[in-house]
Amino acid sequence: MSSSGKNSGLRKAFNPPSIPPSGDKVERLETITDPKSLELIERTREFARSFFEREGTHGFSHVERVLNLCINIGRKEGADLEVLALAALLHDVARPLESAGKVEDHAVEGARIARRFLRGLGYPEEKVEAVVHAIESHRFSRGPEPKTLEAKILSDADKLDAMGAVGIARVFMYSGEHGRSIEDSIKHFREKILKLKDLMYTETGRRLAEERHRFTREFIERMEREMVGEV
């Protein structure tokens, strides 16, 4: 096969989307138009960012991708976008504390931090508790079952960020951070990541998961073939 034919095949296989120029920030908050909501969300963003001293698998870039997913899904599912945005921004504030061994469960501690922060801003109590519940229940491996639409969307968005091209990058980023082998990384995909598709709560989440699952599965199958020298 000619060089041009091979390149054409790769483009067809991966079908890469257009990528914004470096430095451009992809945002979906244009669907929230109330100035007070936007101000609250920006204050919350800065508060949440202060918990992250470094990037990594669960750095603040993960938080912002989850925020974008939440707004995208929430708009289609009819969720309270303000509650959803606040929950997305605050859902991992205690993750660095868990990683440092200072707390046992970042979802539980993050919910406490969120409650104190939002009450300090005079946020309505029923909305505070809606944000808190979403944070408490966002982990698929433990914690309470998400009961509200916003909690289900946050859980879906958090899982979606572990799938697809971003999910693959995050797995190998984690492996590099912790000295995990390629073989053990593949095992992690098989034991956890490829099961996430069946754990989605919302219709939009399931639709997005199908595509990310397909991409991940094809990547892993290719990786396994290369590892045994088949290709």
Side-chain angles (χ1 to χ4, degrees), residues 9-20 24-33 37 41 57-58 61-92 107 130-131 133-174 186 188-223:
L10 285 172
R11 286 194 297 269
K12 183 177 180 181
F14 288 94
N15 191 25
S18 59
I19 299 173
D24 284 5
K25 191 174 184 179
V26 178
E27 286 287 5
R28 296 191 178 275
L29 292 180
E30 68 274 4
T31 54
I32 299 175
T33 57
S37 288
I41 290 166
T57 317
H58 287 94
S61 60
H62 161 69
V63 172
E64 293 196 311
R65 289 191 303 271
V66 169
L67 171 63
N68 284 335
L69 280 163
C70 278
I71 297 301
N72 182 29
I73 298 170
R75 181 166 46 84
K76 295 173 181 175
E77 297 285 334
D80 183 325
L81 297 185
E82 180 183 272
V83 165
L84 193 52
L86 298 178
L89 287 167
L90 295 167
H91 84 280
D92 261 1
V131 173
H133 169 65
I135 295 170
E136 286 177 333
S137 60
H138 81 270
R139 301 185 78 173
F140 81 92
S141 58
R142 67 167 77 177
E145 189 79 7
K147 297 178 180 178
T148 66
L149 176 59
E150 291 74 27
K152 292 175 181 178
I153 292 171
L154 176 60
S155 181
D156 281 0
D158 197 46
K159 293 190 289 280
L160 283 164
D161 199 54
M163 303 171 68
V166 168
I168 292 168
R170 291 180 68 207
V171 167
F172 287 108
M173 182 185 292
Y174 180 93
I186 298 297
H188 177 73
F189 278 110
R190 291 289 186 190
E191 293 182 348
K192 179 180 178 180
I193 305 302
L194 291 179
K195 296 179 180 179
L196 296 178
K197 173 178 71 69
D198 298 323
L199 301 177
M200 297 293 155
Y201 291 101
T202 66
E203 181 61 34
T204 307
R206 284 190 287 272
R207 179 177 57 78
L208 293 172
E210 285 288 345
E211 171 60 21
R212 294 194 181 210
H213 176 84
R214 179 198 61 76
F215 186 95
T216 307
R217 187 190 67 246
E218 291 176 359
F219 177 89
I220 297 309
E221 290 172 354
R222 170 76 186 204
M223 177 74 78

- Could you walk me through whether L196 and H213 pass the side chain to side chain contact (heavy atoms under 4.5 Å, CB included) check? CA-CA 8 Å; L196 296 178; H213 176 84; over 6 Å; no
Rounded to the nearest 0.5 Å, the CD1 atom of I168 sits from the CD1 atom of I220 at a distance of 6.0 Å
Distance col, row D161:CG vs S61:OG, nearest 0.5 angstrom, shows 8.0 Å
- Query: Does any non-hydrogen side-chain atom of E218 lie less than 4.5 Å from one of R214?
  - Reply: yes
Residues passing the salt bridge (Lys or Arg N to Asp or Glu O under 4.0 Å) test with R207, sequence neighbours excluded, are none
Here the pair of heavy atoms bringing G205 nearest to M200 is O-CG, 3.8 Å
### Side-chain (E150) to main-chain (A134) donor-acceptor, under 3.5 angstrom
no
Checklist entry - Yes or no on side chain to side chain contact (heavy atoms under 4.5 Å, CB included) for H62 and D158, after CA distance, side-chain angles and deciding distance? => result CA-CA 9 Å; H62 161 69; D158 197 46; 3.0 Å; yes
Nearest heavy-atom approach of K152 to P146 is CE-O, 3.5 Å
Checklist entry - Heavy-atom distance under 4.5 Å between the side chains of L208 and D156, does that happen here? => result no
Rounding to 0.5 Å, atoms CZ (R139) and CG (D92) come to a distance of 8.5 Å
Tightest non-hydrogen contact, residues E145 and Y201, listed as OE2-OH, 2.8 Å
In short, L154 meets A88 closest at the heavy-atom pair CD1-CA, 3.8 Å
Those residues at least two apart in sequence (or on a different chain) that pass side chain to side chain donor-acceptor pair (under 3.5 Å) with T216 are none
Between E191 and K195 the two heavy atoms that sit nearest each other are O-CD, 3.3 Å
Between the CG atom in L89 and the CD1 atom in I41, the distance rounded to the nearest 0.5 Å is 7.5 Å
Worksheet item: Taking it one step at a time, do R75 and N72 satisfy side chain to side chain contact (heavy atoms under 4.5 Å, CB included)?
Response: CA-CA 5 Å; R75 181 166 46 84; N72 182 29; 3.3 Å; yes
Crowded around K147 NZ? As in, over 12 foreign heavy atoms under 6.0 Å? no
- Query: Does the side chain to side chain contact (heavy atoms under 4.5 Å, CB included) test come out yes or no for T148 and D80, once each step is laid out?
  - Reply: CA-CA 10 Å; T148 66; D80 183 325; over 6 Å; no
Taken to the nearest 0.5 Å, the spacing of E82 CD from I71 CD1 works out to 10.0 Å
Open item on the list: Given 3.5 Å as the limit, does a donor-acceptor pair link the side chain of R212 with the main chain of A165, or not?
Closed with: no
Of all heavy-atom pairs linking H138 and A107, the shortest is CE1-CB, 3.8 Å
Taken to the nearest 0.5 Å, the spacing of L67 CG from L86 CG works out to 9.5 Å
| request: Check whether any side-chain heavy atom of K76 lies under 4.5 Å from a side-chain heavy atom of T202, and answer yes or no. | output: no
SB check E221 R217 (cutoff 4.0 Å) = yes
